[in-house]
Each structure stands twice: as C-alpha cells, then as structure tokens.
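Remarks on the structure that follows.
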Amino acid sequence: MKVNIIYWSGTGNTEAMANAIADGVKQNGADVAIIPVSDATIDDVKSVDNIAFGSPAMGSEEIEESQMRPFMDEANNFLSGKKVLLFGSYEWADGEWMEKWVDEVSDTGANLIADEGLIAYDAPDEEAIEKCINMGIELSK
C-alpha cells in the first residue's frame with residue numbers, strides 16, 4: 001500500500017504532524033511519501049487510495065490560500081472513494097477552519113478517517129504527536 005501526505009507548513013508545526021503521521025503509516029508496513037504542496041501534482045492524488053492533506057489555520061479561519069487552496073480545488077475532483085485524513089495546527093479561535101475543510105472534503109464522497117479532522121494547538125505536543133501516529137496507522141489500513 002502507498003500513502004501520500006501532502007501539506008503546507010509555515011512554522012513547521014504542520015510539517016511535524018505530517019512526519020508523525022508518516023511514522024504511523026510506516027509502523028503499519030505501508031509506503032509513504034511526504035510531499036510539500038509546492039512539489040505536489042494532481043497525480044499524487046490520483047495514484048493512491050489513501051491520502052492525507054495538512055494545512056494550518058490561516059487568515060480568517062481558512063486553509064493556506066496561495067498554494068493549498070488552489071491544490072485542494074483541483075484535488076477535490078479526485079477524492080471520491082478515497083480514504084482521507086485532514087490535519088493541521090492552529091493558534092487562535094476554535095478550529096473552525098478544520099470544520100469547513102472537513103465539510104468540503106466530505107462533500108466529495110471521500111471516506112474521512114477522522115470525522116472532525118486532526119488538529120493540534122500551536123506546536124504539536126506529545127499527545128498530539130501520538131494521535132498523529134495513530135491516525136497514520138489507521139490511514140494505512
């Protein structure tokens with residue numbers, strides 16, 4: 001099995017989450033690629049059945065707007081039937097950006113493995129990293 005993790009990270013917090021999710025995928029014996037969204041192609045979405053997308057909360061509770069938003073606008077067309085995990089970090093508000101993103105991806109027909117997404121406040125602590133590893137294991141089943 002192959003799992004792709006596509007993410008955007010400004011401070012390294014979402015990248016740390018991506019790496020922990022990848023650790024869980026590897027623990028389950030699957031192949032994983034961690035791909036910054038700036039290097040991702042739509043084939044990275046089409047070529048796998050299980051995929052994770054990561055973005056921190058930005059601006060007025062949105063995913064990153066210059067790279068992640070345009071990528072998701074295209075990727076959403078290819079998510080139906082795929083196992084998907086959404087993740088990211090935030091430092092204010094209450095996670096509304098993730099709620100909106102979960103609704104958006106749910107509407108594509110994707111099979112979300114975390115109904116509320118996977119979020120960490122600021123830098124992911126030990127508990128958040130453990131959740132990321134566990135979600136990586138689940139994503140690779």
Side-chain angles (χ1 to χ4, degrees), residues 1-28 30-141:
M1 174 183 297
K2 172 82 186 271
V3 176
N4 286 341
I5 301 170
I6 299 172
Y7 73 95
W8 187 93
S9 187
T11 62
N13 296 338
T14 302
E15 182 177 17
M17 294 177 76
N19 289 329
I21 293 165
D23 288 345
V25 170
K26 290 175 193 172
Q27 282 182 27
N28 215 31
D31 292 328
V32 64
I34 305 170
I35 309 165
V37 70
S38 59
D39 297 334
T41 68
I42 205 63
D43 284 338
D44 294 320
V45 176
K46 291 178 179 179
S47 66
V48 295
D49 292 322
N50 301 18
I51 192 163
F53 296 103
S55 175
M58 303 289 288
S60 61
E61 291 285 319
E62 302 290 335
I63 64 173
E64 193 278 327
E65 295 174 331
S66 67
Q67 294 178 45
M68 199 69 191
R69 173 79 275 149
F71 189 83
M72 288 306 302
D73 287 343
E74 187 174 0
N76 284 339
N77 296 312
F78 304 99
L79 298 182
S80 181
K82 292 185 183 290
K83 189 183 277 191
V84 176
L85 172 65
L86 301 177
F87 67 95
S89 64
Y90 69 107
E91 293 183 16
W92 66 90
D94 61 0
E96 181 184 346
W97 106 100
M98 185 58 73
E99 293 170 16
K100 291 192 280 189
W101 199 11
V102 163
D103 288 345
E104 170 189 326
V105 172
S106 290
D107 289 345
T108 70
N111 299 318
L112 289 169
I113 65 164
D115 291 337
E116 297 176 358
L118 177 59
I119 60 176
Y121 182 79
D122 200 19
D125 60 14
E126 232 176 89
E127 181 181 341
I129 292 295
E130 188 66 29
K131 286 180 182 178
C132 290
I133 291 168
N134 290 334
M135 285 292 103
I137 292 168
E138 184 65 30
L139 185 62
S140 60
K141 288 183 178 176

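- Listed by chain and residue number, Tyr7, Ser38, Asp39 satisfy the side-chain contact (heavy atoms from CB on, under 4.5 Å) test with Pro36 (two or more places apart in sequence, or in another chain).
- Listed by chain and residue number, Tyr90 satisfy the ring-ring contact (aromatic ring centres under 6.0 Å, His included) test with Tyr121 (two or more places apart in sequence, or in another chain).
- When all heavy atoms of Ala110 and Val84 are compared, the closest pair comes out as CB-CG2, 3.7 Å.
- Counting heavy atoms from C-beta on, the side chains of Met72 and Leu79 come closer than 4.5 Å.
- Contact detail for Ile6 and Ala40: the closest heavy-atom pair is CG2-CB, 3.9 Å.
- Within the model, atoms CD1 of Ile137 and SG of Cys132 stand 11.5 Å from one another, a figure rounded to the nearest 0.5 Å.
- For the pair Thr108/Ser80, no side-chain contact is recorded, criterion being any heavy-atom separation below 4.5 Å from C-beta on.
- With hydrogens and angles disregarded, no donor-acceptor distance shorter than 3.5 Å links the side chain of Asp43 to the backbone of Lys46.
- With rounding to the nearest 0.5 angstrom, the CD atom of Glu15 is 11.5 Å from the OG atom of Ser89.
- Counting non-hydrogen atoms of other residues, nucleotides and ligands closer than 6.0 Å to NZ of Lys82 gives a total above 12.
- Summarising the geometry of Val32 relative to Lys26, their closest heavy-atom pair is CG1-CE, 3.6 Å, with the distance given to 0.1 Å.
- In this structure, CG on Asn50 lies 4.5 Å from CE on Met1, to the nearest 0.5 angstrom.
- Heavy atoms only, all atoms of each residue included: Ile119 and Gly95 are closest at CD1-CA, 4.5 Å.
- The nearest pair of heavy atoms linking Met98 to Glu116 is CG-O, 3.4 Å.
- To the nearest 0.5 angstrom, Asn134 atom CG is 11.5 Å from Asp23 atom CG.
- Residue pairs satisfying the salt bridge (Lys or Arg N to Asp or Glu O under 4.0 Å) criterion with at least one member in residues 60-70, sequence neighbours excluded, are listed as follows: Glu62-Lys100, Arg69-Asp73, Arg69-Glu104.
- The closest side-chain donor-acceptor pair between Asn13 and Thr11 falls under 3.5 angstrom.
- In this view, Asn77 satisfies the side-chain contact (heavy atoms from CB on, under 4.5 Å) rule with no residue, not counting sequence neighbours.
- Considering only heavy atoms from C-beta on, Phe71 comes within 4.5 Å of Phe53 through its side chain.
- Residues Met17 and Leu118 share a closest heavy-atom pair of CE-O, 3.6 Å.
- Evaluation of the side-chain contact (heavy atoms from CB on, under 4.5 Å) rule for Ala52 yields Ile5, Leu85, Phe87, Leu139 as partners, not counting sequence neighbours.
- We find the OG-CG distance between Ser55 and Leu86 to be 10.0 Å, quoted to the nearest 0.5 Å.
- Here Val48 pairs with Lys2, Asn4, Ile51 under the side-chain contact (heavy atoms from CB on, under 4.5 Å) rule; sequence neighbours left out.
- Considering CG of Asn76 and CH2 of Trp101, their distance stands at 9.5 Å, rounded to 0.5 Å.
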Trp8 vs Ile63, side-chain contact (heavy atoms from CB on, under 4.5 Å): CA-CA, chis, key distance, verdict: CA-CA 9 Å; Trp8 187 93; Ile63 64 173; over 6 Å; no
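- No donor-acceptor pair closer than 3.5 Å links the side chain of Asn28 to the backbone N or O of Ala30.
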